[in-house]
Colleague: 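The structure that follows is given in the form of structure tokens.
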Number of protein chains: 4
Amino acid sequence: MTPKIINREEKSREIALAALTVFAEHGFESTSMSQVAEAAGIGKGTIYEYFHSKTDLIIAATAAWVQNIEEGITPLLDSDMDPLTRLRTLFAASTKAFLDDPKVILVFLGISQLVIKDPALGQRFGGAEVISAPIRKVICSILADGVAAGLFHVHVLENSESIARNLVAFVDGIGLHYVTNPHAFDLAEQINFYLEQLIATLSVAPNGDRSPGVRGKRNR
Amino acid sequence: MTPKIINREEKSREIALAALTVFAEHGFESTSMSQVAEAAGIGKGTIYEYFHSKTDLIIAATAAWVQNIEEGITPLLDSDMDPLTRLRTLFAASTKAFLDDPKVILVFLGISQLVIKDPALGQRFGGAEVISAPIRKVICSILADGVAAGLFHVHVLENSESIARNLVAFVDGIGLHYVTNPHAFDLAEQINFYLEQLIATLSVAPNGDRSPGVRGKRNR
Amino acid sequence: MTPKIINREEKSREIALAALTVFAEHGFESTSMSQVAEAAGIGKGTIYEYFHSKTDLIIAATAAWVQNIEEGITPLLDSDMDPLTRLRTLFAASTKAFLDDPKVILVFLGISQLVIKDPALGQRFGGAEVISAPIRKVICSILADGVAAGLFHVHVLENSESIARNLVAFVDGIGLHYVTNPHAFDLAEQINFYLEQLIATLSVAPNGDRSPGVRGKRNR
Amino acid sequence: MTPKIINREEKSREIALAALTVFAEHGFESTSMSQVAEAAGIGKGTIYEYFHSKTDLIIAATAAWVQNIEEGITPLLDSDMDPLTRLRTLFAASTKAFLDDPKVILVFLGISQLVIKDPALGQRFGGAEVISAPIRKVICSILADGVAAGLFHVHVLENSESIARNLVAFVDGIGLHYVTNPHAFDLAEQINFYLEQLIATLSVAPNGDRSPGVRGKRNR
DNA sequence: CATGAATGAGACTTCATTCAT
DNA sequence: GATGAATGAAGTCTCATTCAT
């Protein structure tokens with residue numbers, strides 16, 4: 001009469017997070033549902049009470065991952081720090097994330113492979129577009145604040161979406177290269193190089209000269 | 001009685017190229033050795049005469065892929081085109097490669113996952129470092145020529161390795177995002193935006209002012 | 001505080017009938033207890049309050065099915081129609097049942113398989129013997145009436161059990177063939193052919209000649 | 001260079017026959033592929049080299065079964081025995097088959113369930129229609145010979161297909177009832193009763209009177 | 001050298017049954 | 001009594017790899 005009360009929402013998230021951990025450790029295809037179950041501390045069959053298939057599980061795991069990222073960077077959204085510092089903090093965080101747990105990108109690769117192989121899944125899930133959305137949003141916000149503060153050139157505004165998208169793509173790309181051969185180069189240095197180069201491009205030159213880069217789209 | 005004379009080298013490459021094709025179509029883990037054999041027009045067991053394991057095969061396939069890329073871009077190395085045109089041509093080619101056959105990146109993802117999961121493999125193989133080497137070399141060459149031609153600032157020289165590495169990482173990153181959701185943005189436009197922004201940063205400003213971006217590394 | 005008063009008998013039958021429906025739709029082994037629970041509008045665990053196992057459930061479902069049949073044909077038992085009409089009506093009903101809901105035979109197949117696999121179950125349950133009992137009883141009754149009315153030869157009486165058994169077996173057999181390939185033949189026509197042939201055999205010939213068929217058992 | 005030469009046809013049949021044995025023992029759904037493999041003396045995976053799925057396997061097993069039956073009864077086709085003896089021999093054989101190995105009908109039930117659940121399979125496979133074809137053919141042949149020999153009434157000819165179909169259906173039906181509860185009745189006696197009744201109906205009466213049963217179809 | 005038949009470990013998934021609430 | 005969350009055994013099927021020919 002009093003059925004066991006379970007918060008399905010919460011338990012789903014628990015399982016998804018556990019899955020995230022093991023997917024990040026061994027990759028999606030190489031991780032068995034048994035491993036996920038063990039990591040979640042539940043029985044194998046229980047997973048299927050919450051997720052219809054392994055594919056559904058990685059989608060949820062990815063969503064949980066995105067949410068984690070989002071929660072981590074949200075403070076940068078409404079900060080009273082100056083935009084440059086916020087941008088550098090954001091990058092430092094991304095760098096640290098890669099250095100601390102380089103394999104998380106395996107989750108990204110896993111979902112990417114699924115989406116590439118089954119485009120219908122991409123339609124349903126959104127792909128990297130969805131994953132990168134929160135961080136792109138923060139970047140755009142910072143750029144807008146920078147323009148408002150007179151730090152960045154006004155033309156930055158009209159290109160902020162593209163700038164943010166490229167920035168995120170770069171970080172993912174360099175991160176992927178890094179985990180593939182961590183001894184080849186210094187990740188932090190490389191990201192920092194990109195960042196300072198970008199900031200220089202965005203900034204209003206001290207002498208008032210307009211940095212031309214941000215109007216690149218018109219040069220096609 | 002006359003033993004069949006076989007050029008192991010050549011046949012290995014044939015198989016590797018066939019493997020490249022199917023890996024690019026379905027992904028590494030989702031491709032069976034049978035499919036590879038069929039694509040290569042040989043028996044399943046024969047593959048094992050040339051490669052010790054499936055992992056060895058994707059390594060060879062990746063190497064063949066890199067060689068393909070290398071051959072495709074070598075003309076840009078010793079071209080008499082001006083550096084800017086060569087740079088734009090190089091980017092245009094990369095863009096075209098992604099647009100024409102987006103799934104090739106599955107090969108890259110496959111080898112990356114292997115390397116990430118088994119770092120020892122990374123040591124032996126080199127990871128993305130090796131894959132991107134030829135293209136980075138070409139970029140560095142173009143940059144050097146640009147500096148020599150007075151188009152790029154001299155400080156570009158000391159950072160050309162980093163510039164090239166970031167550039168390649170960006171293209172891989174944006175390409176990965178693209179194949180994951182081709183409807184989200186215009187790949188060519190996005191890559192072009194990055195390129196022109198970069199060129200602006202590298203170029204000697206008309207007024208002789210030094211573009212500050214290329215010295216980013218000093219700002220750490 | 002007042003314990004809910006539940007008529008176990010009645011609820012058992014409700015569940016059994018719900019089970020009958022889904023077993024008839026998908027077959028016994030292919031139907032999950034969840035589906036039964038859903039069809040019955042109760043919780044999965046509740047089934048086990050009334051039935052010890054899935055096997056017990058199909059036994060009960062079969063019994064309920066038999067009872068349904070029984071109730072459907074009982075009117076033919078004490079009818080004032082003449083025996084021939086009653087016989088034809090009975091056959092027409094059987095034919096209609098097969099044509100209307102061919103899959104019900106899945107229940108029969110399911111229970112048969114169980115019984116065959118576990119003969120002990122057969123001992124406990126009775127198998128097709130029990131299922132066909134009511135209809136055989138009606139047939140025997142009709143035959144007796146027919147003899148009494150002078151329509152059927154008196155020798156029919158001593159063989160009525162065998163006649164009824166063969167008749168039921170035939171209908172099951174032809175029905176099974178039918179559901180297996182409904183396009184192969186016309187079920188109604190085929191059953192009708194059997195029926196009229198049988199009636200001819202049973203009937204007292206107009207000229208008073210004895211139909212020899214009903215004495216077949218003596219010819220062994 | 002000299003690949004192992006395997007007669008796929010023959011090995012397929014071997015496996016199918018082994019499958020037939022175990023399916024007949026435990027039923028289709030209750031038999032695991034491991035059991036089939038063990039019965040066939042091969043590895044589990046080997047089955048899938050010859051059959052695409054478990055469903056394909058039971059189709060092949062059924063076909064092999066039909067072929068066995070066919071081979072067993074073919075001698076009756078061109079026999080110089082008189083038609084009545086041939087008919088009785090055929091029935092005796094069927095009876096013996098059921099008594100010797102009652103569970104074979106499980107194969108029939110298994111395939112029937114599959115076909116009922118997936119009508120498309122029925123289209124592809126033919127259902128009971130195909131299984132019973134050879135035996136119906138023999139029956140029709142015997143009936144024709146009987147008419148030619150003046151034993152059976154000429155009207156038998158025009159109904160021989162229906163007679164054969166009903167006959168087979170009856171045997172299947174009574175066999176199914178029998179295996180479900182072998183203690184309920186005497187199978188041989190019951191089949192014999194049907195047979196002699198049928199023969200009586202078909203036969204030309206000694207006094208030249210036409211047996212009316214064979215014209216049943218006209219009585220609708 | 002070349003082949004493909006054979007294999008068995010292991011993957012995903014289903015489901016009858018139990019039991020705490 | 002009633003429930004449904006939890007489970008693990010078991011099932012079907014895949015596939016990298018081996019090896020006799």
Side-chain angles (χ1 to χ4, degrees), chain A residues 1-8 11 29-37 40-57, chain B residues 3-6 8 11 29-38 40-57, chain C residues 3-6 8 11 29-38 40-57, chain D residues 1-8 11 29-37 40-57:
Chain A
M1 201 155 299
T2 317
K4 197 189 292 184
I5 292 179
I6 288 283
N7 188 338
R8 286 189 70 87
K11 183 135 191 184
E29 301 218 44
S30 300
T31 302
S32 72
M33 292 301 262
S34 296
Q35 288 173 278
V36 174
I42 59 178
K44 204 189 329 178
T46 306
I47 301 175
Y48 288 87
E49 294 285 327
Y50 295 87
F51 301 97
H52 192 262
S53 68
K54 199 184 178 191
T55 297
D56 272 18
L57 181 56
Chain B
K4 201 187 293 185
I5 296 194
I6 293 286
R8 285 192 68 88
K11 184 142 189 180
E29 301 220 41
S30 299
T31 301
S32 68
M33 292 301 263
S34 295
Q35 288 172 276
V36 174
E38 193 180 8
I42 59 175
K44 206 189 323 182
T46 308
I47 300 176
Y48 287 86
E49 295 285 331
Y50 294 87
F51 301 97
H52 189 261
S53 70
K54 201 186 177 189
T55 298
D56 273 17
L57 182 56
Chain C
K4 199 189 290 184
I5 296 193
I6 293 286
R8 282 192 70 88
K11 185 143 189 181
E29 301 219 42
S30 299
T31 302
S32 68
M33 293 299 263
S34 296
Q35 288 172 277
V36 174
E38 193 180 8
I42 59 175
K44 208 190 322 183
T46 308
I47 300 175
Y48 287 86
E49 295 285 330
Y50 294 86
F51 301 97
H52 188 260
S53 68
K54 200 187 178 190
T55 297
D56 274 16
L57 182 55
Chain D
M1 201 154 302
T2 317
K4 197 189 294 186
I5 291 179
I6 288 283
N7 188 339
R8 286 189 72 86
K11 183 135 192 183
E29 301 217 46
S30 300
T31 302
S32 72
M33 292 301 262
S34 296
Q35 288 173 278
V36 175
I42 58 177
K44 201 191 335 177
T46 306
I47 301 175
Y48 287 89
E49 294 285 327
Y50 294 87
F51 301 97
H52 191 262
S53 67
K54 199 186 178 189
T55 297
D56 273 16
L57 181 56

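The shown structure was predicted, so the numbers you read here are calculated from the model rather than taken from an experiment. Letters go in sequence order (proteins before strands), and every chain restarts at 1.
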Colleague: Specify the residue among His52(C) and Gly43(D) whose closest nucleotide of DNA chain E lies further upstream toward the 5′ end.
Modeller: Gly43(D)

Colleague: Both Thr31(D) and Glu49(B) contact DNA chain F. Which one's nearest nucleotide lies toward the 5' end?
Modeller: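 With Thr31(D) and Glu49(B) compared, the 5'-side residue is Thr31(D).
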
Colleague: Between Ile42(D) and Gly45(B), just flag the one whose closest nucleotide in DNA chain E comes earlier from the 5' side.
Modeller: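 Looking at DNA chain E, the more 5' nearest nucleotide goes with Gly45(B).
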
Colleague: Just to be sure I understand the rule, does Ser34(B) reach a base, reach only the sugar-phosphate, or reach nothing, if contact means heavy atoms closer than 4.0 Å?
Modeller: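 It contacts nothing in the nucleic acid.
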
Colleague: Reckon Thr55(B) touches a base, only the sugar-phosphate, or nothing at all at heavy-atom distances under 4.0 Å?
Modeller: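 Nothing, no heavy atom under 4.0 Å.
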
Colleague: Which nucleotide in the set dC13(F), dT3(F), dT13(E) lies at the smallest distance from any side-chain heavy atom of Met33(A)?
Modeller: dT13(E)

Colleague: Taking the minimum atom-to-atom distance to the side chain of Lys54(B), which one of dT17(F), dA16(E), dT3(E) wins?
Modeller: dT17(F)

Colleague: Pairing check on dG8(F): which nucleotide meets the Watson-Crick or G-U wobble criteria with it, both distances under 3.5 Å?
Modeller: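 Answer to the pairing question: dC15(E), which forms a Watson-Crick or G-U pair with dG8(F).
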
Colleague: Rounded to the nearest angstrom, tell me the gap between atom CG in Asp56(A) and atom C1' in dT13(E).
Modeller: 13 Å

Colleague: Report yes if at least one side-chain N or O of Thr46(C) is closer than 4.0 Å to OP1 or OP2 of dT3(F); otherwise report no.
Modeller: yes

Colleague: Quick check: closest heavy atoms across Phe51(D) and Asp56(D), and the distance to 0.1 Å?
Modeller: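 In this case the closest contact between Phe51(D) and Asp56(D) is CD2-O, 4.1 Å.
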
Colleague: I'd like to know if the side chain of Gln35(C) and the backbone of Ser32(C) have a donor-acceptor N/O pair within less than 3.5 Å.
Modeller: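 Checked: pair present.
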
Colleague: Taking atom C1' of dT18(F) as reference, at what distance in whole Å does atom CZ of Phe51(B) sit?
Modeller: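 For the pair Phe51(B) CZ and dT18(F) C1', the rounded distance is 18 Å.
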
Colleague: What is the separation between atom CD on Gln35(A) and atom C1' on dA11(E), rounded to the nearest whole Å?
Modeller: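 Roughly 11 Å, once rounded to whole Å.
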
Colleague: Using OP1 and OP2 only, check whether a side-chain N or O of Arg8(A) sits under 4.0 Å from dA5(F).
Modeller: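 For Arg8(A), the contact criterion (side-chain N or O under 4.0 Å from OP1 or OP2 of dA5(F)) is met.
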
Colleague: Can you tell me if the side-chain N/O atoms of Tyr48(A) get under 4.0 Å from OP1 or OP2 in dA6(F)?
Modeller: no

Colleague: Which base, if any, makes a Watson-Crick or G-U wobble pair with dA20(E), both distances under 3.5 Å?
Modeller: dT3(F)

Colleague: Measure the distance from NZ on Lys44(D) to C1' on dA6(E) and round it to the nearest whole Å.
Modeller: 14 Å

